[in-house]
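Single-structure report; data block below.
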Amino acid sequence: MEAQNIATRNQHQAVDVEHLMLALLEQEGGLVPRLFEKAKVAPGFAQGQSRGELNRIPRVSGTDTTGQGVHVTQRMNKLLVKAQDEAKKLKDEYVSVEHLVLAMFDERPPPGSARSSRRSTCAATNFSRHSRKCAAISV
């Protein structure tokens with residue numbers, strides 16, 4: 001829901017992966033910022049990167065940006081499927097934020113993105129290494 005709010009506030013026509021990432025990073029008391037810290041990636045840096053990517057998305061004006069007209073992109077749908085695959089691979093019954101973020105790291109940067117796939121691979125390795133420990137602690 002917060003990802004949709006971020007898209008609406010930014011006058012974006014669709015909810016995409018960057019909206020979800022920012023929503024997860026800004027979630028008060030959420031698991032994702034702690035996992036990023038353990039992976040030695042400053043959550044504030046990741047938030048800034050996400051905001052930068054969101055600023056690249058064209059804004060639309062009119063009545064279609066009120067929330068009812070906001071849809072989910074094909075890219076976001078693929079990410080959700082990939083997150084479900086991650087959950088199955090880890091033998092988890094439900095998709096969690098951990099699976100969503102792992103799927104995000106596995107995704108190729110979109111054309112024109114400032115995101116580096118090499119940097120994502122390094123962060124994903126650290127994230128994956130610490131996510132199980134953190135998830136066990138937070139339960």
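Just so it is clear, the values below take in all heavy atoms, side chains as well, and ignore hydrogens, waters and symmetry mates.
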Sequence neighbours left out, what passes side-chain hydrogen bond (donor to acceptor under 3.5 Å, both in side chains) with Asn5? Give chain and number order.
Glu2

Can you name the residues that form a side-chain hydrogen bond (donor to acceptor under 3.5 Å, both in side chains) with Asp16, not counting sequence neighbours?
Thr73, Arg75

Nearest heavy-atom pair of Ala23 and Ala3: which atoms, and what distance?
CB-N, 3.7 Å

Linking Ile, Leu, Val, Met, Phe, Trp and Tyr through side-chain heavy atoms less than 4.5 Å apart, which residues share a cluster with Ile57?
Ile6, Leu22, Leu54

Using the salt bridge (Lys or Arg N to Asp or Glu O under 4.0 Å) criterion, which residues pair with Glu26? Sequence neighbours excluded.
Arg51

Evaluate the ring planes of His19 and His12, with Trp represented by its six-membered ring, and classify them as parallel (under 30°), tilted (30 to 60°) or perpendicular (over 60°).
perpendicular

Using 0.5 Å steps for rounding, measure from the CG atom of Asp85 to the NZ atom of Lys88.
6.0 Å

What verdict does the side-chain contact (heavy atoms from CB on, under 4.5 Å) test give for His99 and Leu90, after you've listed the backbone C-alpha separation in whole Å, the side-chain angles of each residue and the deciding distance to 0.1 Å?
CA-CA 9 Å; His99 306 119; Leu90 295 170; 3.8 Å; yes

Would Leu20 and Met104 satisfy side-chain contact (heavy atoms from CB on, under 4.5 Å), going step by step from the backbone distance to the final call?
CA-CA 10 Å; Leu20 178 59; Met104 287 178 196; 3.5 Å; yes

Val32/Gln27 under side-chain contact (heavy atoms from CB on, under 4.5 Å): CA gap, chis, key distance, verdict
CA-CA 8 Å; Val32 173; Gln27 191 175 40; 5.8 Å; no

Listed by chain and number, what are the side-chain contact (heavy atoms from CB on, under 4.5 Å) partners of Ala103, not counting sequence neighbours?
Leu79, Lys82, Ala83

Of all heavy-atom pairs between Gln47 and Leu25, which one has the smallest distance, and what is that distance?
NE2-O, 3.1 Å

Lys89/Glu86 salt bridge by N-O under 4.0 Å criterion:
yes

Compare every heavy atom of Pro33 with every heavy atom of Pro43, then report the nearest pair and how far apart it is.
CG-O, 3.4 Å

Do Glu107 and Val17 come within less than 4.5 Å of each other through their side chains, counting heavy atoms only?
yes

Closest non-hydrogen atom pair, Phe36 against Ala46
CE2-CB, 3.8 Å

Only counting residues at least two apart or in another chain, list the ones meeting side-chain contact (heavy atoms from CB on, under 4.5 Å) with Asn77.
Val72, Leu80

Between atom CG of Leu100 and atom CZ of Phe105, what is the distance when rounded to the nearest 0.5 Å?
12.0 Å

Contacts of type side-chain hydrogen bond (donor to acceptor under 3.5 Å, both in side chains), residue Ser50, not counting sequence neighbours:
none

